[in-house]
2 protein chains.
Amino acid sequence: MNAQPLLAYIRNYIDLTEEEETILLSRVNSRKYLKGQFVVQQGDVCRYENFVVSGCLKTFYTDQEGQEHIVMFAVENWWTSDLGSFITQTPAYYNVQCLENSEVMQFSYENLEQLYQEIPKLERFFRIILQKAYVASEKRIIQNFSSTAKERYLRFRAQYPQIEQRVPQYMIASYLGITKEFLSKLRHQLILEQ
Amino acid sequence: MNAQPLLAYIRNYIDLTEEEETILLSRVNSRKYLKGQFVVQQGDVCRYENFVVSGCLKTFYTDQEGQEHIVMFAVENWWTSDLGSFITQTPAYYNVQCLENSEVMQFSYENLEQLYQEIPKLERFFRIILQKAYVASEKRIIQNFSSTAKERYLRFRAQYPQIEQRVPQYMIASYLGITKEFLSKLRHQLILEQ
DNA sequence: AAAGGAGGTTAACCTAGATTAATGTCACTG
DNA sequence: CAGTGACATTAATCTAGGTTAACCTCCTTT
């Protein structure tokens, strides 16, 4: 397993001794998934928090009409799971599925609680990354409210160029909350405007 | 100052010794605001995380056209601040303004960092409440995407009956991302449907 | 009691984006 | 290289919700 990306990521926020890093790694599992496989399935309890080492995944749910809605994408150095399901250990609302072959580092619920005991600094680490995630999530709420689809698309493109290249457009449309047809119209408009 | 609501709230998540509670309270300030006063103003650095002891506040921002958009309301036992501004100590994007005379318990940035040193359990406390806030925020993103205005209004009413009574309708419309006229139309429809 | 001002409603008209369905493009597999 | 399946585009029509503006209630304040 390639633990370096995870350790490097954690070092951005807290300092761990070598011993602590060893304990940490002993309680994390690396897992490889193939394109199309599910890391979380709605209805199951989400057992892991997943740190993405390589690959690309989507988080989505299906509404009453069976429509798929993409909530987020995750690529290298992102976290993905159904956090609501994970923290309460109740059935998941979301699916997390691989769009490419992917490798993730998995923290199970029990191992993570254990780790909080063994390395209390990790409470701080997860608090800090959650703060950031929460702020980003709030920002997304606003931007959805007060922008047109075109503005949201432009912002998405500017903000996540790595993702736009790797993901088919109908999924980007789903992420933006518009139809693939309307996204197509927007793209056409933008070409004319140049 | 009435510290009981805050202590009771914290006790839901972690156990503090009497001594720890004393330290905590020594680093928190109670503050009373009048209706209309601002707890956070956009452009200023947000200095506090605020726990609401009594009253009602709104968090909003103004867009390019000067339109006000309400992001959340806060009542008793809720937290309010501009977290993005607070954690980075950079100018706030939001305003937090009192809709009623309100009392809040304020954690300043410095005191909170100090408290994390003195009572590491507080890292855990804030991690847990942030997890919950993040999950709620994500849920709101979804519900905004995949529901009509009518569904969102009904859900808001069911979920926050305490708030609907205390806040004028044009603010609820702003929170729901619709115009007050359209909300009025919806309310009319709902009366006919019964 | 008159005059504002804050909030709420109604109605006529307008627009962003959805829906449906046909057509196009490309990559693969047999 | 024909055929299939996955993805993208175009165009016609429809609808949720916005905009504008007039009007209606209550409270306050003088």
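Chain A is the first sequence line, chain B the second, and so forth, proteins listed ahead of strands; every chain is numbered from 1.
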Inset, instruction - Starting from the 5' end of DNA chain C, give me the residue, Ser147(A) or Glu181(A), whose nearest nucleotide shows up first. - result: Ser147(A)

Legend entry - Distance below 4.0 Å between His188(A) side-chain N/O and dT10(D) OP1 or OP2: yes

Legend entry - Separation of dA16(C) C1' from Tyr153(A) OH (nearest whole Å): 18 Å

Inset, instruction - Starting at atom CG of Leu183(A), determine the distance to atom P of dA18(C), rounded to an integer number of angstrom. - result: 10 Å

Inset, instruction - Look at the side chain of Lys185(B) against the base of dG18(D) and say whether a donor-acceptor pair falls under 3.5 Å; ignore hydrogens and angles. - result: yes

Legend entry - Ser184(B) vs dG8(C): side-chain N/O to OP1/OP2 distance below 4.0 Å: no

Legend entry - Nearest listed nucleotide, side chain of Phe182(A), among dG17(C), dG17(D), dT9(C): dG17(C)

Legend entry - Residues, nucleotides or ligands: over 12 heavy atoms within 6.0 Å of Arg152(B) CZ: yes

Legend entry - Backbone of Gly36(B) reached by a side-chain donor or acceptor of Gln97(B) within 3.5 Å: yes

Inset, instruction - When you get a sec, tell me which of dG17(C), dG17(D), dT10(C) is the closest nucleotide to the side chain of Thr148(A)? - result: dG17(C)

Inset, instruction - Measure the distance from CD1 on Ile178(B) to C1' on dA16(D) and round it to the nearest whole Å. - result: 11 Å

Legend entry - Gap between atoms CZ and P, on Arg187(A) and dA8(D) respectively (whole Å): 8 Å

Legend entry - Closest listed nucleotide, where the reference is the side chain of Thr179(B) and the choices are dG18(D), dG17(D), dT9(D): dG18(D)

Inset, instruction - Indicate yes or no: does Lys121(A) engage Glu21(A) in a salt bridge with an N to O separation below 4.0 Å. - result: no

Inset, instruction - I would like to know whether Leu154(A) and Leu190(A) meet side chain to side chain contact (heavy atoms under 4.5 Å, CB included); could you show each step before the answer? - result: CA-CA 9 Å; Leu154(A) 287 171; Leu190(A) 288 168; 3.9 Å; yes

Inset, instruction - Mind telling me whether Phe107(A) and Phe126(A) have parallel, tilted or perpendicular rings, with 30° and 60° as the class edges? - result: perpendicular

Inset, instruction - Tell me, with the steps shown, if Arg124(A) and Glu113(B) meet salt bridge (charged side-chain N to carboxylate O under 4.0 Å, His left out). - result: CA-CA 11 Å; Arg124(A) 182 178 181 84; Glu113(B) 284 300 324; 3.2 Å; yes

Legend entry - Strand contacts (DNA chain D) in residues 164-176 of chain B, 4.0 angstrom heavy-atom criterion: none

Legend entry - Arg127(B) side, atom CZ; Tyr134(B) side, atom OH - distance, nearest 0.5 Å: 15.0 Å

Legend entry - Integer-rounded Å distance: dA21(D) C1' and Lys180(B) NZ: 10 Å

